A.B. asks: 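Below is the structure I would like to discuss, written out as structure tokens.
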Amino acid sequence: MADDLRDRTARLAGQLRGRLVAAPATPMDAACRVDPAALEKYAAGLAAEVDGVCVWAHTGRGLALPEADRARVLATFRAVVDGPVLAGVGAPDAPFTEQVAATVRMAEAAAAGGADGLMVFPASGLRAAPTRTARTIRLHEAVVAATGLPVLGFLLYPEAGGVPYAPALLRELVSLPGMVGVKLATLYQAVECQDAIEAIHAAGGLAVTGEDRMFGPSLTWGADAALVGVAAAAPGLSRELVCAWFDGDPARFLAASLTMDRFAAATFRAPMDGYVQRMLWVAEREGLIDAATAYDPYGTALGAAERDAARAAYERAVAHPRR
């Protein structure tokens, strides 16, 4: 079992390093219904542009989706994505022991559905500082033990429900058997992001950027791969940025980073939770989904002006990708 887990962890790390993983949205109608045909169209279009996906992440409203819809999303992407398919797993607010159990159940469902690895959402039960380290270790160990799958931790900014993982905790977490590394989504905390990358590397793990608003800079700080919500729509912009960096082409990278900065500034802004809806509108504009399924019923309601601004940001980005 230990050798098998070690092999799986090393294999997934190799599949992620230098690659682009999208956190896809979930095409839904206004009544929260997931249309299988629309989902298949979206998955096929996205799979052609990215190296892998992480379903059930925040961009896909994974913690809010009914179990049947989660299973459909995983199965649909698993059928068309040749690279790694990860799944985000977590739990709603509850006593910590219940959160561990709920996270494990979701992880087991992901393993049964063919996921190659897991990303563990920070639980609210980790927030109390005196118990944070012990509980964080316990949560991640429980997921690995229950599934035998490699795991990414998730350093998420507090306004989205995140918990501050100090560098010492990150080093301890990444040192656990089955831990591939940590996804970073600190949003605006540049120093915390840089310190986290250093701590993750010190423990031998992958620092996986999810920094949509600091995408290019986080690569220059040492991120080894990308797992980003901004790739849920217009994934070619994210691919150009990642490829330019890992190909070692500085002029191309600078141009792609500036383009991404402008696009992300227009789509990842207050109200921040509205980025999911904005991504769906961009995906519709690009032809990945249809208007009937470009809804985020679980998020912040945005009006027509927001829709027009998101579409305009996409059009500027693809019209002048290197300016």
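These numbers come from a predicted model, not from an experiment. Side chains are part of it too, since the values below use all heavy atoms of this structure and drop only hydrogens, waters and symmetry mates. Note that the numbering runs from 1 along the sequence shown for the chain.
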A.B. asks: Where do Val282 and Ala233 come nearest, in terms of heavy atoms and distance?
C.D. replies: CG1-CB, 3.6 Å

A.B. asks: What is the minimum heavy-atom distance between Ala231 and Leu46, and which atoms define it?
C.D. replies: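 For Ala231 and Leu46, the tightest heavy-atom pair comes out as O-CD1, 3.3 Å.
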
A.B. asks: Check Asp273 with Arg61, please: is the shortest side-chain N to carboxylate O separation under 4.0 Å?
C.D. replies: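 Salt bridge flag = yes for Asp273 with Arg61.
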
A.B. asks: So that I can tick it off, tell me whether Arg252 and Asp247 are bridged by a salt bridge, with the cut-off set at under 4.0 angstrom between side-chain N and carboxylate O.
C.D. replies: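 Counted as a salt bridge, because a side-chain N and a carboxylate O are separated by less than 4.0 Å.
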
A.B. asks: Parallel, tilted or perpendicular: which fits the ring planes of Phe268 and Tyr275, with parallel below 30° and perpendicular above 60°?
C.D. replies: parallel

A.B. asks: Indicate yes or no for a side-chain donor-acceptor contact from Asp290 to the backbone of Ala292 under 3.5 Å, with no hydrogens or angles considered.
C.D. replies: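 Looks like no, no N/O pair under 3.5 Å.
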
A.B. asks: Under 3.5 Å, is there a donor-acceptor pair linking the side chains of Ser124 and Gln99?
C.D. replies: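 Yes, side-chain donor-acceptor contact under 3.5 Å.
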
A.B. asks: Any donor and acceptor pair, going by atom type alone, linking the side chain of Glu240 with main-chain N or O of Ala256 inside 3.5 Å?
C.D. replies: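 It does not hold such a pair.
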
A.B. asks: Is it the case that the side chain of Arg78 and the backbone of Gly114 share a donor-acceptor pair, with hydrogens and angles ignored and the cut-off at 3.5 Å?
C.D. replies: yes

A.B. asks: Is it true that Asp116 and Arg11 have a side-chain N and a carboxylate O under 4.0 angstrom from each other?
C.D. replies: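 Between Arg11 and Asp116 there is no salt bridge, as every charged N stays at least 4.0 Å from the carboxylate O atoms.
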
A.B. asks: Can you list the steps and then say if Lys41 with Ile289 is a side chain to side chain contact (heavy atoms under 4.5 Å, CB included)?
C.D. replies: CA-CA 7 Å; Lys41 174 184 176 181; Ile289 60 174; over 6 Å; no

A.B. asks: By the definition side-chain contact (heavy atoms from CB on, under 4.5 Å), identify the one residue from Thr259, Asp261, Thr267 that meets it with Phe263.
C.D. replies: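 Result: among Thr259, Asp261, Thr267, Thr267 is the only option passing the side-chain contact (heavy atoms from CB on, under 4.5 Å) with Phe263.
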
A.B. asks: Tell me if a side-chain donor or acceptor on Glu49 pairs with a main-chain N or O of Pro235 at a distance below 3.5 Å.
C.D. replies: no

A.B. asks: Can you tell me how far OG1 of Thr186 sits from CG of Leu155, rounded to the nearest 0.5 angstrom?
C.D. replies: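 The OG1 atom of Thr186 is 6.5 Å from CG of Leu155, to the nearest 0.5 Å.
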
A.B. asks: Is a donor on one side and an acceptor on the other found under 3.5 Å between the side chain of Arg8 and the backbone of Gly148?
C.D. replies: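 Looks like yes, one N/O pair under 3.5 Å.
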
A.B. asks: Checking side chain to side chain contact (heavy atoms under 4.5 Å, CB included) for the pair Leu152/Val120: CA distance, chi angles, key distance, verdict?
C.D. replies: CA-CA 6 Å; Leu152 283 175; Val120 177; over 6 Å; no

A.B. asks: Is the closest basic N to carboxylate O distance between Glu306 and Arg269 below 4.0 Å?
C.D. replies: yes

A.B. asks: Can you tell if the side chain of Val151 reaches within under 4.5 Å of the side chain of Val180, non-hydrogen atoms only?
C.D. replies: no

A.B. asks: When you check the side-chain N and O atoms of Tyr165 and Glu192, is any donor under 3.5 Å from an acceptor?
C.D. replies: no

A.B. asks: Has Arg17 got a side-chain atom pairing as donor or acceptor with Asp224's backbone, closer than 3.5 angstrom?
C.D. replies: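 Not a single qualifying donor-acceptor pair exists.
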
A.B. asks: Take atom CZ of Arg72 as the centre, draw a 6.0 Å sphere, and report whether it contains more than 12 heavy atoms from other residues, nucleotides or ligands.
C.D. replies: yes

A.B. asks: Does Arg105 form a side chain to side chain contact (heavy atoms under 4.5 Å, CB included) with Val89? I'd like the steps, not just the answer.
C.D. replies: CA-CA 9 Å; Arg105 286 194 298 272; Val89 297; over 6 Å; no

A.B. asks: For Glu67, look at atom CD and say whether over 12 heavy atoms of other residues, nucleotides or ligands are found less than 6.0 Å away.
C.D. replies: no

A.B. asks: Would Asp7 and Leu5 satisfy side chain to side chain contact (heavy atoms under 4.5 Å, CB included), going step by step from the backbone distance to the final call?
C.D. replies: CA-CA 5 Å; Asp7 291 345; Leu5 176 60; over 6 Å; no

A.B. asks: Would you tell me whether Thr293 and Asp35 have side-chain atoms, one donor and one acceptor, within less than 3.5 Å of each other?
C.D. replies: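 No, no side-chain donor-acceptor contact under 3.5 Å.
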
A.B. asks: Of all heavy-atom pairs between Val230 and Asp212, which one has the smallest distance, and what is that distance?
C.D. replies: N-OD1, 2.9 Å

A.B. asks: Does a donor on one side chain and an acceptor on the other come within less than 3.5 Å for Glu108 and Thr147?
C.D. replies: no

